[in-house]
Amino acid sequence: MEFFDKVNELARAAADKTAEVVEDTRLKAQILSDEKSIRELEAKIGAYYYGKFAAGEPVDEAVREWCTAVSVHKANIEEKKEALNSARRTEETAGADAPAGEEKEKINDDPFENP
């Protein structure tokens, strides 16, 4: 009987450890969910203040600096997109002179847009 008592004791210990691991995993998942919610709310707060800045409404100095930096990045993105579009137009013009079947493939502006 001593053998069965040992097996039962080991089984209980394993079950307790499993329950502990499940609880830890559940708590970690909740923490990750809360952290994700915080990031989403922070993004909404940022979008709100950037909207105020873009509309010319007064915002705090620190927020104004960050919004100005965002505007600079947005302008840089637009310049780079225009350069890409210009290069594509040049390639398309060159591709029109190429023999049939040798035209270069067009690149979509939006990588998530369906062709």
Minimum heavy-atom distance Asn85-Arg88, with the two atoms named | OD1-NH1, 2.8 Å
Is Tyr50 close to Val63 at the side-chain level, that is, under 4.5 Å between some pair of heavy atoms?
-> no
Do Leu27 and Gln30 touch side chain to side chain, with heavy atoms closer than 4.5 Å?
-> yes
pair Glu20-Glu23: side-chain heavy atoms closer than 4.5 Å = no
Point-to-point distance, once rounded to the nearest 0.5 Å, from NZ of Lys81 to CG of Asn76 | 12.5 Å
Can you find a heavy atom in the side chain of Ile77 that is under 4.5 Å from one in the side chain of Lys80?
-> no
Roughly how far, to the nearest 0.5 Å, is NZ of Lys52 from CG of Asp60?
-> 9.5 Å
Would you mind reporting whether Lys36 and Leu32 have side-chain heavy atoms less than 4.5 Å apart?
-> no
Once you round to the nearest 0.5 Å, how far does OG1 of Thr68 lie from NE2 of His73?
-> 11.0 Å
Should Arg64 and Glu61 count as an ion pair when the cut-off is N to O under 4.0 Å?
-> yes
Can you tell me how far CG of Asp5 sits from CG of Leu10, rounded to the nearest 0.5 angstrom?
-> 11.0 Å
Would you check if the side chain of Ser33 reaches a backbone N or O of Ala29 as a donor-acceptor pair within less than 3.5 Å?
-> no
Between atom CD of Glu40 and atom CD1 of Ile45, what is the distance when rounded to the nearest 0.5 Å?
-> 12.0 Å
